[in-house]
Protein chains: 2
Amino acid sequence: METKPHPPCPYPDVPSAEKHAHNFKRVRDAHRREIVEDYVEMIAELARVQDDVRTSHLAERFGVSNATVTNRVQRLVGDGLIEDAPYQPLVLTEKGRTIAQESRRRHVLVRDFLIALGVDPDIAEADTEGIEHHVSEETLAAFARFVDRGSAATETTAI
Amino acid sequence: METKPHPPCPYPDVPSAEKHAHNFKRVRDAHRREIVEDYVEMIAELARVQDDVRTSHLAERFGVSNATVTNRVQRLVGDGLIEDAPYQPLVLTEKGRTIAQESRRRHVLVRDFLIALGVDPDIAEADTEGIEHHVSEETLAAFARFVDRGSAATETTAI
DNA sequence: TACAATATTTAGCTTCAGCTAAGAATCTGA
DNA sequence: TCAGATTCTTAGCTGAAGCTAAATATTGTA
């Protein structure tokens, strides 16, 4: 865990107030998008491996109550990401599928990057869940470069 | 880092419901800690470069209203992280300083890692704000290894 | 010293994500 | 087929994080 011989104090410059405020606003925005992305991503994910996706399945996967899922799902229906059909399996709209694919892309890339870096696959999967919503396209590109560089040598993949 | 050669589709296995639920709970826990860590980290950070740290300074830095900061600060006073003194500058308690140092350590490590990976320093700083609360110790250690490996060659540092 | 300007806090509102408990719909098997 | 079990939704609550507007403190200066 040693780093370069940096100056006596471990603190470089403080960002300007404007940059700080901008960065924190970005984080708050990401938090607002997070549930939406998690839900459509999970629906798409489960749809790959089972016939029906039900609110109860999401409740189990997210570790929350059925009522909570129903409420969130109703919002997503309102946003036009899930088709409206009470008591029926959850089906993504075209728009929902698009967001799910984009989220999935980020998820897989972040996870594969962490694994390529030497992180245990289970831990990589866990950390990815929190990280994926906060990684810019630029950083994602840097992750991709690193994974590509490594895969010249070894064939990676996991979880 | 080797695992089975998975099928053609870009999707490896789906985690078990238990793992999924556990991971999402971890993310929700991290979100709850996030404001606490951001506040004490910011107070410590500003205290390095200016005489007084005021609620108005935090409001400016976080891009929120003064009233919001006052409310959050009162909670942190209740948690024993900030000394109680209305209308006075904000001062961390011993406990608050400990959390601030730990948060700062993660922040600096994540940021330096992204920079070492080739991400633009401003973007690294922005992404770090969202990422830092979601990185496990294991992943942090992998980041540190990578930075150390690189710093044998180049002298990095930034923002 | 007292008044105006500035800084901080309080009051009261909104939205969001979670919960439990109870009611409504669906499914299943005797 | 219909009764019981299961699943899903509704109703109504809590707590967190944000807001604006109004009240209160502090500070600086005439």
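We name chains A, B, ... by the order of the sequence lines, and we start the count at 1 in each one. Hydrogens, waters and symmetry mates play no part in the numbers below; they use all other heavy atoms, side chains included.
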For this session: Would you mind reporting whether A:Lys95 and A:Thr98 have side-chain heavy atoms less than 4.5 Å apart?
Result: no

Problem set entry | d(CZ, A:Arg33; P, C:dC16) in whole Å | 15 Å

Problem set entry | Distance below 4.0 Å between B:Gln74 side-chain N/O and C:dT10 OP1 or OP2 | yes

For this session: Quickly work out the A:His31 NE2 to D:dA16 P distance and round it to whole Å.
Result: 16 Å

Exercise. Do B:Ser56 and B:Asn66 get their side chains close enough for a donor-acceptor pair, meaning under 3.5 Å?
Worked result: no

Exercise. Are OP1 or OP2 of D:dC19 and a side-chain N or O of B:Thr68 less than 4.0 angstrom apart?
Worked result: yes

Seminar exercise, completed: By nearest-heavy-atom nucleotide on DNA chain D, the more 5' of B:Arg72 and B:Ala67 is B:Arg72

Exercise. Between A:Arg32 and A:Tyr87, who's closer to the 5' end of DNA chain C by nearest nucleotide?
Worked result: A:Arg32

Exercise. What's the CD-C1' distance between B:Glu34 and C:dC16, to the nearest Å?
Worked result: 16 Å

Problem set entry | Pair A:Glu137 + A:Arg106: basic N to acidic O under 4.0 Å | yes

Exercise. Quick one: B:Leu76 CG to D:dA17 C1', roughly how many Å, whole number?
Worked result: 13 Å

Exercise. Closest nucleotide of DNA chain C for A:Asn66 versus for A:Gln88: which of these residues is on the 5' side?
Worked result: A:Asn66

Problem set entry | d(NZ, B:Lys25; P, C:dA17) in whole Å | 18 Å

Exercise. D:dT9 phosphate, OP1 or OP2: any side-chain N/O from A:Thr70 under 4.0 angstrom?
Worked result: yes

Exercise. Does A:Arg28 make a side-chain N or O approach to OP1 or OP2 of D:dA17 shorter than 4.0 Å?
Worked result: no

For this session: For A:Thr55, answer base if it contacts any base atom (sugar-phosphate contacts may also be present), sugar-phosphate if it contacts only those atoms, and nothing otherwise; contact means non-hydrogen atoms under 4.0 Å.
Result: sugar-phosphate

For this session: Report which part of the nucleic acid B:Ser56 touches: base, sugar-phosphate, or nothing (heavy-atom distance under 4.0 Å, all strands).
Result: sugar-phosphate

Problem set entry | Main-chain N/O of A:Leu81 paired to A:Thr93 side chain as donor or acceptor, under 3.5 Å | yes

Problem set entry | Length of the line joining B:His57:NE2 and C:dT6:P, which is rounded to integer Å | 15 Å

For this session: Would you mind reading off the distance between B:Asn71 atom CG and C:dC13 atom P, rounded to a whole angstrom?
Result: 15 Å

Exercise. Can you tell me if the side-chain N/O atoms of A:Arg54 get under 4.0 Å from OP1 or OP2 in D:dC8?
Worked result: yes

Exercise. What's the CG-P distance between A:Leu58 and C:dG18, to the nearest Å?
Worked result: 12 Å

Problem set entry | Sub-6.0 Å ring centroid separation between A:His133 and A:His107 | no

